[in-house]
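The structure appears right after this line, and notes come after that.
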Amino acid sequence: MTDKNDPGYTRLDACRRFVESVRHSRELGIEVLDAVEERVTARMPWDEKLVGNPETGVLHGGAVFAFLDQVGGLANACRVFPDFEITPTIDLRIDHLHAPAPGKAVLGRAECYRLSPHVAFVRLEAFEEGVEDDPIAMGLATYMRMKIPREQMKGYKRVG
Amino acid sequence: MAEALKTLIDACRAGEADYQSLVDRVPYARFLGIELNAMGEELTFLLPRKETNLGNPTLPALHGGAVAGFMEQAALIFLLLEMGEPRLPKTIDFTIDYLRAGHYRDTYAECRVTRLGRRVANVHISAWQVRREDPIAIARAHFLLAEETA
């Protein structure tokens, strides 16, 4: 396939490279599983150091929060791909629906459902690995788009 | 809630134990490196400059998620000490506004309980680096205070 917009690497490559460059995300053990224009899915393994309740072994809400913040940033990167932007978080709300089971990895999924000239709007959810129909957390975030020339933004269409 | 934790809280209040021990019992709080400065019962939380909390490596800036986790943990400990009869708070929701980039330096946080109900507590958290009046992030969170049934 020849495409003049094809940068020679995929969204998944770009996301993995991005996560690799973010020290804290590396510490969280984040692994990007799937990355398409509309959606990113990533995995955060259970780790003793991320436990919030030492009596139950349940992951700290803050770890899930940091994880989803990162996955949201990746969703933005997938929308603007093959361009690249830094998208600092403006605001992020996470509802913790129930605790993830101790020892289980958490999957995070993010969708940038609206990309305006300056702001990216993102929906987030997290669930236990293998239990996709029962989210442990839902979130909503906005991100600021940075460093992209106006003329390059033509042609990006809304998703959904 | 485990008796050991209640005993520890009582010891902290009586000045017989260091408040830091409340932080250090939580693995995630140790992972972030959270420290606690108590002046009497006035608490200021510290997220020390630490490489593992870095996000953007080129600026360099703190990872927003690390700052949020720090603020959530600060609120949890603050609430534990705010309650007459401590019950383990569970985070219902956490909402953060990032106001400035978190530079690669020490970050502080303080909490204010907006309302302490029987089942739900509302907490406001503010984090700053240079001046308290110029927060890098503010957050509000709701915590469930129901006693565990298990």
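Throughout, a chain's letter reflects where its sequence line sits, starting with A, and its residues are numbered from 1.
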If you group Ile, Leu, Val, Met, Phe, Trp and Tyr by side-chain heavy-atom gaps below 4.5 Å, do B:L36 and B:M39 land in one group? no

A:L92 portion near chain B, given a 4.5 angstrom heavy-atom threshold: both

Max heavy-atom pair count under 4.5 Å with chain B, selected residue of A:D95, A:V64, A:L68: A:D95

Does the salt bridge (Lys or Arg N to Asp or Glu O under 4.0 Å) test come out yes or no for A:E55 and B:R25, once each step is laid out? CA-CA 10 Å; A:E55 284 145 30; B:R25 60 180 286 284; 3.1 Å; yes

Using a cut-off of under 4.5 Å for heavy-atom pairs, which of B:A68, B:A139, B:G69, B:A66 has the most such pairs with chain A? B:A66

Quick one: pull up NZ in B:K50 and CD in A:E27 and give me the separation to the nearest 0.5 Å. 7.5 Å

Tell me which of these, A:A141, A:A99, A:S21, has more heavy-atom pairs under 4.5 Å with chain B than the rest. A:S21

If you count every heavy atom of other residues, nucleotides or ligands that lies below 6.0 Å from B:R140 atom CZ, does the total exceed 12? no

Select one option (side chain, backbone, both, neither) describing which atoms of B:L32 are under 4.5 Å from chain A's heavy atoms. side chain

Is B:I92 in contact with chain A via its backbone, its side chain, both, or neither, using a 4.5 Å heavy-atom distance? backbone

Once rounded to the nearest 0.5 Å, what's the spacing between atom NE2 of A:H98 and atom NZ of B:K90? 12.5 Å

Is it possible for you to say whether B:W128 and B:V67 belong to one hydrophobic cluster, with membership spreading through side-chain heavy-atom contacts below 4.5 Å? no

Using 0.5 Å steps for rounding, measure from the NE2 atom of A:H60 to the OG1 atom of B:T91. 6.5 Å

Given the rule that I, L, V, M, F, W and Y join up when any side-chain heavy atoms are under 4.5 Å apart, are B:L47 and B:L22 in one cluster? yes

First locate atom OH of B:Y98, then atom CG of A:D91, and finally report the distance between them rounded to the nearest 0.5 Å. 9.5 Å

Verify the neighbour count for atom CD of B:E133: are there more than 12 heavy atoms of other residues, nucleotides or ligands below 6.0 Å? yes

Any idea which of A:Q70, A:E48, A:K49, A:M144 has the most non-hydrogen atom pairs under 4.5 angstrom with chain B? A:K49

With a 4.5 Å heavy-atom cut-off, do A:L50 and B:F31 have their side chains touching? yes

Spatial distance of atom CZ (A:R26) from atom CG (B:L54) [nearest 0.5 Å]: 10.0 Å

ILVMFWY cluster, B:I77 and B:Y28 together (side-chain gap under 4.5 Å): yes

Under 4.5 Å from any heavy atom of chain A, what part of B:L76 do you find: side chain, backbone, both or neither? side chain

Would you indicate whether the side-chain heavy atoms of B:D93 and A:R93 approach each other to under 4.5 Å? yes

In terms of the angle between their ring planes, are B:H63 and A:H24 parallel, tilted or perpendicular, with boundaries placed at 30° and 60°? tilted

B:Y108 reachable from B:Y19 in the ILVMFWY side-chain graph, under 4.5 Å edges: no

Looking at every non-hydrogen atom in both residues, tell me the closest pair between A:V51 and B:P27 and how far apart they are. O-CD, 3.4 Å

